[in-house]
Protein chains: 2
Amino acid sequence: MIYSIGALARATGVKVPTIRYYEAEGLIDPPIRTEGNQRRYQERDRERLAFIRHGRDLGLSMEAIRDLLELSAHPEAPCARVDRIAAEQLVEVRARIERLKRLEGELARIASSCDGHHPIADCNVMKALSDHRHCDGDH
Amino acid sequence: MIYSIGALARATGVKVPTIRYYEAEGLIDPPIRTEGNQRRYQERDRERLAFIRHGRDLGLSMEAIRDLLELSAHPEAPCARVDRIAAEQLVEVRARIERLKRLEGELARIASSCDGHHPIADCNVMKALSDHRHCDGDH
DNA sequence: CTTGAACCTCTAGTCGCTAGAGGAATTACA
DNA sequence: TGTAATTCCTCTAGCGACTAGAGGTTCAAG
């Protein structure tokens, strides 16, 4: 199976300019070209791009993905670093969730105190934003 | 109370270059200057900056904050738009939490399947990243 | 063979800051 | 009052991870 850049984009869900960007950043190899200078990709390019996409969706940085791709080139090495990258990401995701939950609580409190009908001068949303003392969070 | 830019930074938790950036972006007014061209802020500048900071901490975009500041200049208008901005933000925050929770689940599954001791070729983390079929999420 | 979609490169813009250079003003202390 | 440390000034450039657009070329279908 041979893909044009657009076909590859459809097959992986990565947009065309993003594919070119990944190539420029060295995450994927420059593919072969047609006589007319257009990119043509193969199955293994599609697999690599799917790997990248999945990692990005999981919140991995391009840096982390670059590391993983580098590691995958040495399949005989122990996978301790692979494990660590995943674990670090998990810690970060959990922290983000915690933080967002605190924000959710405060936003819910703020938003529910407003019926949208009184003048701005009396609006509790505005008051809440002006005055941080009501918050329990540490933001 | 008069603040130098550094004192204002300490008082609000907004970093010095960020204050200058907000000024350049028109979120805060250019303050008065000393003879030697240094910025000097007053209480109301501090309040406005605290408002901005609080909004940013709640995840509001600079755009949304700009809108709110604009609205606050018309304290007699009804606060329906204020309410809508807060409600929209709440919806977004909840969506972000949902999404992150799905990622957390997948990352936990991936990370727990790896003890860090086997070769990369056999690593489940790498396999999971290469192959999206095991995921239940829609990412 | 023509037409229209998809492709090419290149530059610049997005958001919300952050870092650094190179120099001037202010403040604290002797 | 002198001087040294700190803070301040402007300006430009960089970050991550793309996205948009201009202006031109190639490909594939009919």
Side-chain angles (χ1 to χ4, degrees), chain A residues 1-28 30-41 45 48-49 51-69 85 88-89 92-93 96 99 103 139, chain B residues 1-28 30-41 45 48-69 89 92 96 99 103 139:
Chain A
M1 185 66 171
I2 300 286
Y3 302 87
S4 69
I5 197 169
L8 185 66
R10 280 188 297 278
T12 58
V14 179
K15 290 183 190 152
V16 169
T18 306
I19 296 173
R20 289 197 275 249
Y21 170 71
Y22 286 161
E23 181 185 327
E25 295 300 303
L27 283 191
I28 55 179
I32 52 177
R33 301 271 185 146
T34 62
E35 297 239 323
N37 199 35
Q38 298 197 357
R39 292 169 179 82
R40 288 297 177 266
Y41 296 93
D45 297 314
R48 191 178 174 99
L49 189 54
F51 180 98
I52 294 168
R53 161 114 221 253
H54 199 182
R56 291 289 304 128
D57 281 344
L58 288 172
L60 299 179
S61 65
M62 284 174 62
E63 186 62 22
I65 290 170
R66 209 189 300 272
D67 286 353
L68 290 177
L69 288 169
I85 289 173
E88 279 171 8
Q89 191 57 29
E92 257 187 49
V93 165
R96 270 192 273 164
R99 191 171 147 67
L103 296 186
H139 59 264
Chain B
M1 184 66 171
I2 300 287
Y3 303 87
S4 69
I5 196 169
L8 184 66
R10 280 187 297 277
T12 59
V14 179
K15 290 181 190 156
V16 168
T18 306
I19 296 173
R20 289 197 275 250
Y21 169 71
Y22 287 162
E23 181 184 328
E25 295 300 302
L27 284 190
I28 56 179
I32 52 177
R33 301 272 185 145
T34 63
E35 298 236 324
N37 198 35
Q38 298 197 357
R39 292 170 179 83
R40 288 298 177 266
Y41 297 92
D45 297 313
R48 190 177 174 101
L49 189 55
F51 181 100
I52 294 168
R53 161 113 220 255
H54 199 182
R56 292 289 302 128
D57 281 344
L58 288 172
L60 300 179
S61 65
M62 284 174 64
E63 186 63 21
I65 291 170
R66 209 189 300 272
D67 286 353
L68 290 176
L69 289 169
Q89 192 57 28
E92 257 187 49
R96 269 192 273 164
R99 191 172 145 67
L103 295 187
H139 59 265

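Lettering of chains follows the sequences in order, A, B, ..., and the numbering in each one begins at 1.
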Whole-Å distance between [N] [atom2] and [X] [atom1]?
{"X": "A:Glu63", "N": "D:dA17", "atom1": "CD", "atom2": "C1'", "result": "13 Å"}
{"X": "B:Tyr3", "N": "C:dT27", "atom1": "OH", "atom2": "C1'", "result": "19 Å"}
{"X": "A:Arg53", "N": "D:dC18", "atom1": "CZ", "atom2": "C1'", "result": "13 Å"}
{"X": "B:Ile65", "N": "C:dG16", "atom1": "CD1", "atom2": "P", "result": "8 Å"}
{"X": "A:Met62", "N": "D:dC18", "atom1": "CE", "atom2": "C1'", "result": "9 Å"}
{"X": "B:Glu25", "N": "C:dC15", "atom1": "CD", "atom2": "C1'", "result": "10 Å"}
{"X": "B:Ile32", "N": "D:dC8", "atom1": "CD1", "atom2": "P", "result": "15 Å"}
{"X": "A:Ile52", "N": "D:dC18", "atom1": "CD1", "atom2": "C1'", "result": "14 Å"}

Open item on the list: For a side chain to side chain contact (heavy atoms under 4.5 Å, CB included) check, start with the C-alpha distance between B:Met1 and B:Tyr41, then their side-chain angles and the critical distance, and finish with the verdict.
Closed with: CA-CA 8 Å; B:Met1 184 66 171; B:Tyr41 297 92; over 6 Å; no

Donor-acceptor pair, distance only, cut-off 3.5 Å: does the side chain of [X] make one with the backbone of [Y]?
{"X": "B:Arg66", "Y": "B:Glu25", "answer": "yes"}
{"X": "A:Gln89", "Y": "A:Gly59", "answer": "yes"}
{"X": "B:Arg99", "Y": "B:Leu103", "answer": "no"}
{"X": "B:Arg48", "Y": "B:Ile52", "answer": "no"}
{"X": "B:Thr12", "Y": "B:Leu8", "answer": "yes"}

Under 4.0 angstrom between [X] side-chain N/O and [N] OP1 or OP2:
{"X": "A:Lys15", "N": "D:dT19", "answer": "yes"}
{"X": "B:Ser61", "N": "C:dC15", "answer": "no"}
{"X": "B:Tyr22", "N": "C:dC17", "answer": "yes"}
{"X": "B:Arg56", "N": "C:dC15", "answer": "no"}
{"X": "B:Thr18", "N": "C:dG16", "answer": "no"}

- [ ] Please name the pair of heavy atoms, one in A:Leu60 and one in A:Ile65, separated by the smallest distance, quoted to 0.1 Å.
- [x]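 A:Leu60 and A:Ile65 have their closest heavy atoms at CB-CG1, 3.9 Å.
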
Can you name the atoms? Protein N/O to nucleotides 6-10 of chain C N/O, anything below 3.5 Å, with the distance.
unit_1: C:dC7; atom_1: OP1; unit_2: A:Ser4; atom_2: OG; d: 2.8
unit_1: C:dC7; atom_1: OP1; unit_2: A:Gly6; atom_2: N; d: 2.6
unit_1: C:dC8; atom_1: OP1; unit_2: A:Arg39; atom_2: N; d: 2.9
unit_1: C:dC8; atom_1: OP1; unit_2: A:Arg39; atom_2: NH1; d: 2.9
unit_1: C:dC8; atom_1: OP2; unit_2: A:Arg20; atom_2: NH1; d: 2.2
unit_1: C:dC8; atom_1: OP2; unit_2: A:Arg39; atom_2: NH1; d: 3.4
unit_1: C:dC8; atom_1: O3'; unit_2: A:Arg33; atom_2: NH1; d: 3.4
unit_1: C:dT9; atom_1: OP1; unit_2: A:Arg33; atom_2: NH1; d: 3.2
unit_1: C:dT9; atom_1: OP1; unit_2: A:Arg33; atom_2: NH2; d: 3.1
unit_1: C:dT9; atom_1: OP2; unit_2: A:Arg39; atom_2: NH1; d: 3.0
unit_1: C:dT9; atom_1: OP2; unit_2: A:Arg39; atom_2: NH2; d: 2.9

